[in-house]
Asks: 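For reference, the structure I am asking about is given below.
All values reported here derive from a predicted model rather than from experimental measurement.
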Amino acid sequence: MATPKSKPRPRTAEEWKEARRERYRNAGDSGGFRVLPRKVVDSDAFNELSKSAKIVLILSLSQLDYWYKKNHRGLPKRETSVGPLRNEGRFSLPNNLLKEAGIRGEDTIARVRKELVAVGFWETVETGSVFNSAVFQWSDNWLTYNQRSKHERKQLKPTDKQPGYCHYPNILKYNDNLKAMKDSHTLTDCTDIEEEDNMYPVQFVLFPELLAR
């Protein structure tokens, strides 16, 4: 019987630092380019970001896989505001990579990621875990950010329409069904769900604070 492969250990901040320095040493006179268009820099979406979020946005550009005609002719590409991208513009920014770049503190990192999703530069594809970094993709939703009033922009919730936000994929459908059940008859508490022929996963009973979402 084959022994299951162990999951790779995430890089430490020191290892990310060495990887960055290695790229610098090997870059020579031309280390490639990462495009930050003037339209992005002049947008309200960019200028209303916190300083930390602006740094992380620039760092995310270095993680994008760009499509080049010379090397990738015939391969899929996605046209975006920062140029044609491969892999649907998906990328990861592990916590330790951000810490090595000076964005320290788990709360700060979480807040910055939410900012970038809320204003429309990123979309969340997959949430992260202990061994796997979250996967984001470049989004052009920021182009419509200026079309909202400042009051509306300040009310944006980072979790609104954020793909991959929910750790429990059935939660929204569950809440809709729960509301319908409450409308048809009274539920005294969340444990009553177990009496409905176990039609919903037990995980929701374990997290009653999520029922209001």
Side-chain angles (χ1 to χ4, degrees), residues 5 7-103 109 112-129 131-147 158 161-165:
K5 293 182 179 180
K7 294 184 178 180
R9 175 182 57 81
R11 288 188 185 184
T12 64
E14 189 60 34
E15 287 170 334
W16 280 113
K17 182 177 182 179
E18 181 55 34
R20 173 179 59 79
R21 288 180 168 177
E22 183 68 19
R23 289 195 304 272
Y24 179 81
R25 287 193 292 267
N26 295 334
D29 295 330
S30 57
F33 298 91
R34 289 298 180 258
V35 180
L36 186 62
R38 177 169 292 176
K39 189 170 184 178
V40 172
V41 177
D42 288 342
S43 70
D44 287 340
F46 180 81
N47 283 279
E48 290 178 14
L49 290 173
S50 65
K51 292 180 180 179
S52 294
K54 290 176 181 176
I55 293 172
V56 173
L57 176 65
I58 294 170
L59 287 174
S60 72
L61 292 172
S62 68
Q63 303 302 307
L64 296 177
D65 189 4
Y66 285 83
W67 184 94
Y68 296 104
K69 185 176 181 179
K70 180 179 178 181
N71 301 321
H72 306 132
R73 184 192 298 271
L75 297 178
K77 66 176 177 178
R78 176 180 162 221
E79 295 290 349
T80 72
S81 57
V82 293
L85 301 176
R86 302 178 67 202
N87 193 32
E88 290 296 318
R90 296 184 179 188
F91 62 92
S92 292
L93 277 175
N95 284 16
N96 285 337
L97 186 156
L98 296 178
K99 289 176 181 178
E100 193 280 319
I103 310 300
I109 291 173
V112 163
R113 285 174 172 155
K114 288 180 178 180
E115 272 190 78
L116 292 166
V117 170
V119 301
F121 285 115
W122 296 0
E123 290 180 6
T124 305
V125 178
E126 297 176 10
T127 52
S129 65
F131 293 101
N132 298 303
S133 299
V135 178
F136 301 93
Q137 70 179 15
W138 181 266
S139 172
D140 284 341
N141 290 333
W142 66 272
L143 290 165
T144 63
Y145 186 77
N146 300 65
Q147 297 172 15
K161 298 181 181 179
Q162 181 180 344
Y165 164 73

Asks: Please find the pair of heavy atoms, one from N47 and one from S43, that lie closest to each other, and give the distance.
Replies: ND2-O, 2.8 Å
Asks: Going from OG1 on T12 to CG on N96, what distance comes out if it is rounded to the nearest 0.5 angstrom?
Replies: 6.5 Å
Asks: May I have the list of side-chain donor-acceptor pairs in residues 69-77 shorter than 3.5 Å, sequence neighbours left out?
Replies:
residue	atom	partner	partner atom	Å
H72	ND1	Y68	N	2.9
H72	NE2	R86	NH1	3.2
K77	NZ	E79	OE2	3.2

Asks: Step by step, would you call F91 with W122 a ring-ring contact (aromatic ring centres under 6.0 Å, His included)?
Replies: CA-CA 10 Å; F91 62 92; W122 296 0; 5.2 Å; yes
Asks: Parallel, tilted or perpendicular: which one describes the rings of F121 and W138, with boundaries at 30° and 60°?
Replies: tilted
Asks: Could you list the residues that satisfy side chain to side chain donor-acceptor pair (under 3.5 Å) with K54, not counting sequence neighbours?
Replies: none
Asks: Which atoms form the tightest heavy-atom contact between L116 and V119, and what is the distance?
Replies: O-CG2, 3.8 Å
Asks: Hey, could you give me the CD/CG distance between E123 and D140, rounded to the nearest 0.5 Å?
Replies: 9.5 Å
Asks: Assess the residue pair R113 and F136 against the criterion (side chain to side chain contact (heavy atoms under 4.5 Å, CB included)); give the C-alpha distance rounded to whole Å, side-chain angles, the decisive distance to 0.1 Å, and a yes or no.
Replies: CA-CA 10 Å; R113 285 174 172 155; F136 301 93; 3.8 Å; yes
Asks: Tell me if a side-chain donor or acceptor on S92 pairs with a main-chain N or O of P94 at a distance below 3.5 Å.
Replies: no
Asks: Just verifying a value: how many Å separate L85 CG and R90 CZ, rounded to the nearest 0.5 Å?
Replies: 12.5 Å
Asks: For side chain to side chain contact (heavy atoms under 4.5 Å, CB included), just list the numbers for Y66 and T80, CA-CA rounded to whole Å, side-chain angles, deciding distance to a tenth of an Å, and then say yes or no.
Replies: CA-CA 10 Å; Y66 285 83; T80 72; over 6 Å; no
Asks: Rounded to the nearest 0.5 Å, what separation is found between the CZ atom of F46 and the CD1 atom of I58?
Replies: 5.0 Å
Asks: Are Q63 and L97 side-chain neighbours, meaning at least one heavy-atom pair lies under 4.5 Å?
Replies: yes
Asks: What pair of heavy atoms forms the shortest contact from G89 to L64, and how long is it?
Replies: O-CD2, 3.6 Å
Asks: Do K39 and L143 have side chains that get closer than 4.5 Å, going by heavy atoms?
Replies: yes
Asks: Once rounded to the nearest 0.5 Å, what's the spacing between atom NZ of K99 and atom CD of E14?
Replies: 14.0 Å
Asks: Please report the shortest heavy-atom distance between V82 and P37, naming the atom on each side.
Replies: CG1-CD, 3.8 Å
Asks: For L98, which of V112, I109, I55 qualifies under side chain to side chain contact (heavy atoms under 4.5 Å, CB included)?
Replies: I109
Asks: Do E115 and S50 come within less than 4.5 Å of each other through their side chains, counting heavy atoms only?
Replies: yes
Asks: Taking all heavy atoms of S60 and all of L93, pick out the closest pair and write down the distance.
Replies: CB-CD1, 3.7 Å
Asks: Heavy atoms only: give me the nearest R78-E88 pair and the separation to one decimal.
Replies: NH1-O, 2.7 Å
